[in-house]
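Counting convention: from 1, in listed order, for ligands and their atoms alike.
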Amino acid sequence: LLGNSGDEQGVAVHAVGGFVRDLLLDLPNLDLDITIEGDGIFFAETFGEQHGCRVRPHQAFGTAVVVFPDGRKLDVASTRLEYYDSPGVLPTVERASLRHDLYRRDFTINTLALCLNHDRFGVLLDFFGGQKDLQDKTVRVLHNLSFVEDPTRAFRAIRFEQRLSFQLDPHTEGLLRSAVRAGLVERVGGKRLMGELIQILKEQEPTLAVKRMAQLGLLPCIHTGLRFGPDSEQLFAELERVLAWYQLLYLETPLEPWTVWFLALMDRLDSPQYLEVCQRLMMPERLMERIFGHRHKALKRLQHLRQALGRGQEISNSQLYTLLHGMPLELLLYGLARSGQDELRRLVSHYLTRLAEVKSLVSGTELQDLGVPRGPAIRTMKERLLSARLDGLIASKDEELELARQ
Ligand code: ATP
């Protein structure tokens, strides 16, 4: 379809970047990026109209996002238009323009382009030796100033290297280390740094990439107190087990695993340092409040539970509920990984699968009808009824009402 639209409009259309890389590696990738040798926004809008897609243009960048009715997205970019002034020699001009565009990319493996127009469909353009680097499993920058131009590429290099089980080309690794030594990476702005870190923590196996970040000296660029020592290694391994265990519970509570990895990465920082990291990364207030702001309290509660278990104390359902209710799931999982105690995991599993969703069945209005005064008394009564329910003392709504009457 895209190639046909390109033919109709007389512009060359190429699939570029990660999609082509993954296609050649036989890896799944549904994020299609295309480059239009011409006006990408015009192309996207015409294509969108023809195929019932929404289009979000970004005039300043000459790019557009096409959103298909089923929610899939397509990123459309334009190559530079100034190369487009000699129609007579179109093919060479097109190529020169596309080449120039691809030269701005991060690594050779991301510079491959696949033509989608009808008469050249499937022709692979490889200006910078990307195919050979894919074969040799090498991540290589395009030129010596690549990390100077954009130091976030240091994180991207590690992400691709570890995800694909590639190796940084030795010269590229040298350039990366120089950029770190020159303090370029620690000057990356908070938002961009956070974006790269999130992408790393969203990888299938973030442990490998974090270890590599430590090895190449990138962790102190985030905060000088960050390390990845044997204790971190143990915590990360434990967290991997906890997340796998959590998946097997098949609960519907939404979870962003990267936040749990983030907590583990920041584990050795004390509270003021923790705040410094959040500020450095310009972490959104909402996220900071919801998850990271409760770290201390949550860990204390889990510690309390652990100690009680250590003393052989019986924990009732209502006690467990009171301790764990309202605790962000991410903190719960991080706390579990930290404690490494199977008995605690059993209790938390019991809470998540059996108790977390239990509610008292009588309403506030029904309690008022029974004479409970409005305000905090209603809440206290509901909590009492819920505790009785959790501990199996009552089961039906009638029994709740009966208990409330007493
Ligand atoms: P993923 O599979 O993780 O989505 P991707 O290759 O699609 O990987 P994106 O981060 O979505 O990566 O970026 C899309 C393309 O844009 C990349 O293939 C890369 O060539 C280019 N790109 C992204 N960030 C940079 C950067 N900082 N410098 C140069 N090129 C970049």
Side-chain angles (χ1 to χ4, degrees), residues 13-36 40 56 58 61-67 72-80 97-114 124-131 133-134 137-166 168-169 172 175-176 179-180 184-185 187-206 208-210 212-213 218 221 257-258 261:
V13 183
H14 289 92
V16 287
F19 178 83
V20 185
R21 178 197 68 217
D22 290 343
L23 187 72
L24 294 180
L25 290 173
D26 206 10
L27 296 173
N29 187 334
L30 295 176
D31 292 335
L32 181 58
D33 290 320
I34 60 164
T35 294
I36 303 300
R56 291 200 305 259
H58 302 282
F61 299 106
T63 60
V65 180
V66 177
V67 187
R72 271 181 307 163
K73 290 184 185 144
L74 165 73
D75 284 314
V76 182
S78 320
T79 51
R80 297 185 161 186
S97 159
L98 184 64
R99 183 183 196 283
H100 189 94
D101 204 71
L102 293 168
Y103 187 63
R104 290 181 302 182
R105 293 195 169 238
D106 43 10
F107 310 112
T108 57
I109 55 170
N110 289 335
T111 59
L112 294 162
L114 196 64
L124 186 72
L125 298 181
D126 179 6
F127 298 111
F128 309 103
Q131 247 181 316
D133 282 337
L134 276 183
K137 297 176 175 288
T138 301
V139 177
R140 183 196 313 273
V141 285
L142 274 78
H143 55 82
N144 285 348
L145 290 179
S146 189
F147 293 115
V148 178
E149 220 171 73
D150 182 354
T152 60
R153 290 175 186 161
F155 296 91
R156 297 178 60 81
I158 291 175
R159 184 154 62 85
F160 291 122
E161 182 195 50
Q162 296 305 314
R163 183 204 296 171
L164 302 171
S165 301
F166 278 27
L168 287 184
D169 139 71
T172 299
L175 294 171
L176 189 157
V180 172
L184 298 177
V185 183
R187 270 182 256 147
V188 171
K191 277 209 173 115
R192 291 200 73 202
L193 188 55
M194 181 79 198
E196 292 302 332
L197 191 56
I198 292 177
Q199 293 219 56
I200 284 185
L201 299 179
K202 279 185 173 173
E203 288 290 312
Q204 199 73 32
E205 292 181 69
L208 298 174
V210 171
R212 187 73 164 128
M213 276 162 68
L218 289 177
C221 299
W258 78 261
W261 289 112

Next on the checklist: As a quick check of understanding, evaluate side chain to side chain contact (heavy atoms under 4.5 Å, CB included) for Leu164 and Ile109, giving each step before the final call.
Outcome noted: CA-CA 11 Å; Leu164 302 171; Ile109 55 170; 4.1 Å; yes

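- Here the side chain of Asp126 pairs a donor or acceptor atom with the backbone of Gln131 at under 3.5 angstrom.
- Annotation: salt bridge (charged side-chain N to carboxylate O under 4.0 Å, His left out) contacts of Arg56 (sequence neighbours excluded): none.
- Sorted by chain and number, the heavy-atom contacts of ligand 1 below 4.0 Å come from Gly17, Gly18, Arg21, Asp33, Arg104, Arg105, Asp106, Asn110, Asp150, Thr152, Arg153, Arg156, Arg159, Phe160, Arg163, Arg192.
- In this structure, Asp150 pairs ionically with Arg192, as a charged nitrogen and a carboxylate oxygen lie closer than 4.0 Å.
- When atom types are taken as modelled, the side chain of Ser78 and the backbone of Gly62 share a donor-acceptor pair closer than 3.5 angstrom.
- With rounding to the nearest 0.5 angstrom, the CG atom of Leu32 is 9.5 Å from the CG atom of Leu30.
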